[in-house]
Amino acid sequence: MISESGVVREARPMLLVVAAAMIKGGRVLVQQRPEGTALAGLWEFPGGKIEPGETPEAALARELDEELGVTVDPAALVPLTFASAPLADRHLVLLLYRLDRWEGVPEARHASALAWADMAALRRLPMPPADLPFLEVLAPLLRGEAV
Ligand SMILES: Nc1nc2c([nH]c(=O)n2[C@@H]2O[C@H](COP(=O)(O)OP(=O)(O)OP(=O)(O)O)[C@@H](O)[C@H]2O)c(=O)[nH]1
């Protein structure tokens, strides 16, 4: 939509989502969205919507506890990159953090499956369109190169 001033305005309500690239030994953790949810069957990074009153880091620590049963220090979440894309009737802003340390062993509490994917495996998994640009950002991290 274009306003009288010529500024392009986004009519869709914004959906603010946080997600984590949990990296261990050259692999990143991904989870498969369960049946009955939007984008079912696709593989994504654990995370979810920021609730009112939460910081992005607190929201992500909460989601990782709820979804995987792991304890995360919000200070260990390092901003990595983001995506901005239409998603159904909303506009998704997806903040991706890098995480190298957590307590506990991730288990699939919400997802239908978890996988520790190296770069080759990640490229083969079907992912939501907003996530696809993340792969090139992750490639050097999974090769163990500092960024
Ligand atoms: N967690 C996560 N969500 C993603 C990714 N990529 C992507 O497009 N999304 C979208 O972002 C939205 C996140 O919503 P969600 O349903 O997972 O959030 P949530 O855990 O708070 O769900 P809830 O409404 O059941 O509490 C979904 O529409 C999901 O498809 C990703 O890599 N990780």
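Below, all heavy atoms of this structure are taken into account, side chains as well, without hydrogens, waters or symmetry copies. On a predicted model such as this, the values are computed, not experimentally measured, just so you know. Counting from 1, the numbers follow the sequence of the chain as shown. First listed ligand is number 1; within each ligand, the first listed atom is number 1.
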Next on the checklist: What protein heavy atom lies closest to atom 33 (N) of ligand 1? Include the residue and the distance to one decimal.
Outcome noted: Phe45 O, 2.7 Å
Next on the checklist: Distance under 4.0 Å to a non-hydrogen atom of Glu67: what atoms of ligand 1 satisfy this?
Outcome noted: 20 (O)
Checklist entry - So, the side chain of Glu103 versus the backbone of Val72: is there a donor-acceptor pair under 3.5 Å, distance only? => result no
Checklist entry - N/O to N/O below 3.5 Å, does that happen between Arg33 and ligand 1? => result yes
Checklist entry - Between Leu92 and ligand 1, which residue portion shows a heavy-atom distance shorter than 4.0 Å: side chain, backbone, both, or neither? => result side chain
Item to check | For atom 9 (N) of ligand 1, the protein heavy atom that lies nearest, with its residue and separation | outcome: Glu44 OE1, 3.9 Å
Item to check | Subset of ligand 1 atoms that lie under 4.0 Å from at least one heavy atom of Gly47 | outcome: 1 (N), 20 (O)
Checklist outcome for this item: Closest to atom 28 (O) of ligand 1 (heavy atoms only, candidates Ile50, Leu87, Leu96) is Leu87
Checklist entry - salt bridge (Lys or Arg N to Asp or Glu O under 4.0 Å) between Glu66 and Arg109: does it pass, once the steps are laid out? => result CA-CA 7 Å; Glu66 291 172 5; Arg109 294 189 174 175; over 6 Å; no
Checklist entry - Charged N to carboxylate O under 4.0 angstrom, Arg123 versus Glu136? => result yes
Checklist entry - If only atom types and distance count, is the side chain of Gln32 paired as donor or acceptor with the main-chain N or O of Gly41 below 3.5 Å? => result yes
Checklist outcome for this item: heavy-atom search around atom 30 (O) of ligand 1 in the protein gives Leu39 CD1, 2.9 Å
Item to check | Nearest neighbour in protein (non-hydrogen) for atom 11 (O) of ligand 1 | outcome: Val17 CG2, 3.6 Å
Next on the checklist: For Ala88, is there any backbone N or O sitting under 3.5 Å from a side-chain donor or acceptor partner on Arg12?
Outcome noted: yes
Checklist entry - In Å and rounded to the nearest 0.5 Å, what is the CH2 to CE distance from Trp102 to Met22? => result 4.5 Å
Next on the checklist: With side-chain contact (heavy atoms from CB on, under 4.5 Å) as the criterion, how do Leu95 and Val93 come out once you've worked through the C-alpha distance, each side chain's angles and the decisive distance to 0.1 Å?
Outcome noted: CA-CA 7 Å; Leu95 308 177; Val93 174; 4.1 Å; yes
Checklist entry - Within a distance of under 4.0 Å, is there any protein heavy atom near atom 22 (O) of ligand 1? => result yes
Item to check | Residue selection (non-hydrogen contact nearest atom 15 (P) of ligand 1) among Glu63, Met127, Lys49, Gln31 | outcome: Lys49
Next on the checklist: Tell me the protein heavy atom at minimum distance from atom 7 (C) of ligand 1, and give that distance in Å.
Outcome noted: Asp131 OD1, 3.6 Å
Item to check | Pairwise distance CG(Leu114) to CD(Glu107) - rounded to 0.5 angstrom | outcome: 8.5 Å
Checklist entry - So, the side chain of Glu54 versus the backbone of Glu51: is there a donor-acceptor pair under 3.5 Å, distance only? => result yes
Item to check | Pro128 N/O under 3.5 Å from ligand 1 N/O | outcome: no
